[in-house]
Novice: 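Sending over a structure as structure tokens; questions will come in a sec.
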Amino acid sequence: MRPLAPSALCLLALLTAPANAESAAERLPACLACHGESGTSANPGVPSLGAMPADYVVTQLYLFRERQRVADPMNAMAEGLSDDDLRTLGDAVAKLPAPKPEPNPDPARMEAARALAAKHQCGSCHGADLAGQDQIPRVGAQREDYLLATLRAYKSGARAGYDPAMNEVAQGLSEDDITALSYYLAHR
């Protein structure tokens, strides 16, 4: 028997969650099936949520619930969650261990991207350790493929932030900058 692809496992977890799941506790296993029980996602394109600031998680879940941010699996998962459920899930995610940075980064690429991150002041919002704060996400040790897609979406306007800061910052990024920053953040 062939193993299921990670995206199929995420869909299966969502589909096998209780049909009338009303509480955050009942939905958390489906979240962790995609985003990683250890806080680190093994699924391409799916962000790692470990140690993500609770306020950021609550805000994103609210946007999914209200369909102000559209990603079909997430909109379905957040449907019907109360504000208390959003806070419960935010707190649970914040307690997950932070993902580990990608190992063995190229020193030259890291140094070049470090200057780029300083130029665009990534640390002023995301924190010096890039762990996020309040409603600003942890971007350090995030999946590189997710970072690439997210920065490209901010630049193109396909992803509107609840605050326009990232859309504005991304406008000044070239494709090479996006690639360099994504590599740097994944290895931090």
Novice: Please check: side-chain N/O of Asp134 versus main-chain N/O of Ile136, any donor-acceptor pairing under 3.5 Å?
Specialist: no
Novice: Between Asn75 and Arg69 (side chain of the first, backbone of the second, donor and acceptor by atom type, cut-off under 3.5 Å), is there such a pair?
Specialist: yes
Novice: Can you hop from Leu49 to Leu86 via hydrophobic side chains spaced under 4.5 Å?
Specialist: yes
Novice: Hey, does Gln142 have a side-chain heavy atom less than 4.5 Å from the side chain of Ser48?
Specialist: yes
Novice: Checking Arg143 side chain against Asn43 main chain: does a donor-acceptor pair fall under 3.5 Å?
Specialist: yes
Novice: What residues form a side-chain contact (heavy atoms from CB on, under 4.5 Å) with Arg87, not counting sequence neighbours?
Specialist: Val58, Asp83, Asp84
Novice: Determine, step by step, whether Glu26 and Asp85 satisfy the side chain to side chain contact (heavy atoms under 4.5 Å, CB included) criterion, reporting the C-alpha distance in whole Å, the side-chain angles of both residues, the deciding distance to 0.1 Å, and the verdict.
Specialist: CA-CA 10 Å; Glu26 291 172 314; Asp85 289 333; over 6 Å; no
Novice: Do Leu89 and Gln60 make a side-chain contact, defined as non-hydrogen atoms from C-beta onward lying under 4.5 Å apart?
Specialist: no
Novice: Hydrophobic clustering (ILVMFWY, side-chain heavy atoms < 4.5 Å, transitive) - are Leu63 and Val93 grouped together?
Specialist: yes
Novice: Rounded to the nearest 0.5 Å, what's the gap from CZ on Arg65 to CE on Met77? Could you check?
Specialist: 11.0 Å
Novice: What are the two closest non-hydrogen atoms of Ala54 and Asp91, and how far apart are they?
Specialist: CB-OD1, 3.7 Å
Novice: Return yes if some donor-acceptor pair links the side-chain N/O of Gln133 with the main-chain N/O of Pro53 below 3.5 Å, else return no.
Specialist: no
Novice: Check whether Leu185 and Met110 end up in the same hydrophobic cluster, where Ile, Leu, Val, Met, Phe, Trp and Tyr are linked by side-chain heavy atoms less than 4.5 Å apart.
Specialist: yes
Novice: With sequence neighbours excluded, what pairs up with His187 under the ring pair (Phe, Tyr, Trp, His ring centres under 6.0 Å) test?
Specialist: Tyr183
Novice: Closer than 3.5 angstrom, by distance alone: can the side chain of Gln171 be matched with the main-chain N or O of Lys155 as a donor-acceptor pair?
Specialist: yes
Novice: For the atom pair CG (Leu61) and CZ (Arg27), what is the distance rounded to the nearest 0.5 Å?
Specialist: 10.0 Å
Novice: Lys100 and Thr40: which non-hydrogen atoms are nearest, and at how many Å?
Specialist: N-OG1, 4.2 Å
Novice: Tell me, please, which residues at least two apart from Ala98 pass side-chain contact (heavy atoms from CB on, under 4.5 Å).
Specialist: Ala51
Novice: Within the side chain of Ser41, is there an N or O that forms a donor-acceptor pair under 3.5 Å with the backbone of Gly36?
Specialist: no
Novice: How does the hydrophobic cluster around Leu151 look, that is, which other residues are in it when side-chain heavy atoms under 4.5 Å mark a link?
Specialist: Leu116, Leu148, Tyr154, Met166, Leu173, Ile178, Leu181
Novice: Heavy atoms only: give me the nearest Ser156-Ala153 pair and the separation to one decimal.
Specialist: OG-O, 3.3 Å
Novice: Is a side-chain donor or acceptor of Thr150 paired with a backbone partner of Tyr146 at a separation under 3.5 angstrom?
Specialist: yes
Novice: Which residues satisfy the side chain to side chain donor-acceptor pair (under 3.5 Å) test with Arg114, sequence neighbours excluded?
Specialist: Glu111
Novice: Donor-acceptor check, side chain of Asn167 to backbone of Ala158, threshold 3.5 angstrom: yes or no?
Specialist: no
Novice: What are the two closest heavy atoms between Gly140 and Arg138, and how far apart are they?
Specialist: O-NH1, 2.9 Å
Novice: Could you work out, with side-chain contact (heavy atoms from CB on, under 4.5 Å) as the rule, every residue matching Leu32, not counting sequence neighbours?
Specialist: Leu28, Glu37, Leu96
Novice: Within the structure provided, determine whether Ser182 and Glu144 are in side-chain contact (heavy-atom separation under 4.5 Å).
Specialist: yes
Novice: Between Glu175 and Arg152, does at least one N-O distance fall below 4.0 Å, as a salt bridge requires?
Specialist: yes
Novice: Give a yes or no on whether Met52 and Val139 share a hydrophobic cluster (residues Ile, Leu, Val, Met, Phe, Trp, Tyr; joining criterion: side-chain heavy atoms under 4.5 Å apart).
Specialist: no
